[in-house]
Amino acid sequence: MMPRRMTLRTDASLSRLTTLRLGGPARRLVTATTETELLEAIGATDPEGGPTMLLAGGSNLVIADDGVDGTVVHVATRGVTLEPVGDLVHVRVAAGEPWDEVVARCVAEGLVGIECLSGIPGSTGATPIQNVGAYGQDVAQTVVSVRAYDRRERAIVTLAAADCGFAYRHSRFKGDDRFAVLEVTFALCRDPDGGVARYAELARALGVEVGGRVPPAAAREAVLELRAGKGMVLDGQDHDTWSAGSFFTNPVLDAGAFDALAARAGEGLRGHPEADGRVKVSAAWLIEHAGFAPGHAGPGGRVSLSTKHTLALTNRGGATTEDLLTLAREVRDGVHARFGVTLVPEPVLVGVAL
């Protein structure tokens, strides 16, 4: 049984807990505001034998119209602790803390290392799962450890960054519900010269060369402006922000596959070499050059590509998850037909498949 002191709702809509504003009901929705409550909720047995799913910021989820026939635990834990460790500051953050609030606090403290991840919606506990990244930074660069509940061993464990299996928009946590993230620790530094502008678009916005140093507050301000221009900062009045962020990951191709793509694409295609010899390609470029313009509409106009950025699939109001998936399939298949590359969805799909 679920602990009685927790907030419990039955047949509760999950759409209000996702940035897409889509998804059917959960048979049972439990809200946990402390780590003790969270552990008890995770460890409790669903009374009807259904699955138990964790949901926090809801910014990277696509949930079926039928919802979840089981218990959903809403992670609403809070807590941020800063601890000097040598020349660094370790920032310990509870899983339910809103991510952008954490970034804002660290920037206000003059800490460098996550400022380019400003404006990203969702919870802190989700950041290592997805290895969240943008504008030349990702959390794998600063994560020290992840405290989690190991559902298989029924124990709390601490995983060092090296044990998290970080890769491009991926980790050992993604697609596997064995570990429930409780807390993430980041190692940030105080540097009077600020961080390095590694991303060309951000460097241009800041008026520096790639590799130039910029104060974290200036980087945060520029990132927020860039993201807002792409509809990637949440705004309840702007349907371009009713999305799961970037819907498809940027393809990372081996040299032969990239050469084949370049031959089909012709002039204009740019590749970004990776350290392992592979080449990353812009999914947004592929989408646009496969004939999908910003604002391209899906079924009934209820969903569309963002009018600001083709990598976001958006709910224009009154949409269903199936509407969104229909549009996603159209884009995926169109890119494959034109370029021979299969785009992979970035959000976690719950009860549905692309």
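Counting begins at 1 with the first residue of the sequence.
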Next on the checklist: I'd like to know if the side chain of T19 and the backbone of S243 have a donor-acceptor N/O pair within less than 3.5 Å.
Outcome noted: yes
Checklist entry - For T321, does its backbone N or O pair with a side-chain atom of D65 as donor and acceptor, under 3.5 Å? => result yes
Checklist entry - Does any donor atom in the side chain of S282 or N250 lie under 3.5 Å from an acceptor atom in the other side chain? => result no
Item to check | Polar contact flag, side-chain donor to acceptor under 3.5 angstrom, D323-T320 | outcome: yes
Next on the checklist: Using side-chain hydrogen bond (donor to acceptor under 3.5 Å, both in side chains), reason through T34 and T36 one step at a time and then give a plain yes or no.
Outcome noted: CA-CA 5 Å; T34 68; T36 298; 4.7 Å; no
Restricting to non-hydrogen atoms, name the atom on [X] and the atom on [Y] that form the minimum distance, rounded to 0.1 Å.
X    : Y    : value
H296 : L327 : CD2-CD1, 3.8 Å
I63  : T18  : CD1-CG2, 3.9 Å
G194 : P216 : CA-CD, 4.1 Å
M232 : A312 : CE-CB, 3.8 Å
C164 : V146 : SG-CG2, 3.9 Å
A219 : E115 : CB-CG, 3.7 Å

Item to check | Verdict with reasoning, D240 to T307, per side-chain hydrogen bond (donor to acceptor under 3.5 Å, both in side chains) | outcome: CA-CA 7 Å; D240 277 336; T307 66; 2.4 Å; yes
Could you list the donor-acceptor pairs under 3.5 angstrom formed between side-chain atoms of residues 339-354 and any protein atom two or more places apart in sequence or on another chain?
from	atom 1	to	atom 2	distance (Å)
E346	OE2	Q130	NE2	3.4

Should the pair [X]-[Y] be classified as a salt bridge under the 4.0 Å nitrogen-to-oxygen rule?
X    : Y    : answer
D11  : R27  : no
D177 : R152 : no
R105 : E97  : no
K230 : E201 : yes
D254 : R278 : no

Checklist entry - Does F166 belong to the same Ile/Leu/Val/Met/Phe/Trp/Tyr cluster as I120, with side-chain heavy atoms less than 4.5 Å apart forming each link? => result yes
Checklist entry - Do I287 and L313 belong together in a cluster built from hydrophobic side chains that touch within less than 4.5 Å? => result yes
Item to check | Ring centres under 6.0 angstrom apart (W99, F186) | outcome: yes
Checklist entry - How would you list all residue pairs meeting ring pair (Phe, Tyr, Trp, His ring centres under 6.0 Å) that involve residues 298-322, not counting sequence neighbours? => result none
Checklist entry - Are side-chain heavy atoms of R154 and Y149 found at a separation under 4.5 Å? => result yes
Checklist entry - Are V72 and V30 side-chain neighbours, meaning at least one heavy-atom pair lies under 4.5 Å? => result no
Next on the checklist: Let's go through T31 and T33 carefully: what are the C-alpha distance in whole Å and the side-chain angles of both, what is the deciding distance for side chain to side chain contact (heavy atoms under 4.5 Å, CB included) to 0.1 Å, and is it a yes or a no?
Outcome noted: CA-CA 6 Å; T31 299; T33 60; 4.3 Å; yes
Item to check | Derivation of the side chain to side chain contact (heavy atoms under 4.5 Å, CB included) call for R302 and R316 | outcome: CA-CA 5 Å; R302 296 181 295 272; R316 312 312 292 189; 5.6 Å; no
Checklist entry - Which distance, rounded to the nearest 0.5 Å, do you find between the CG of L188 and the CG of L82? => result 8.0 Å
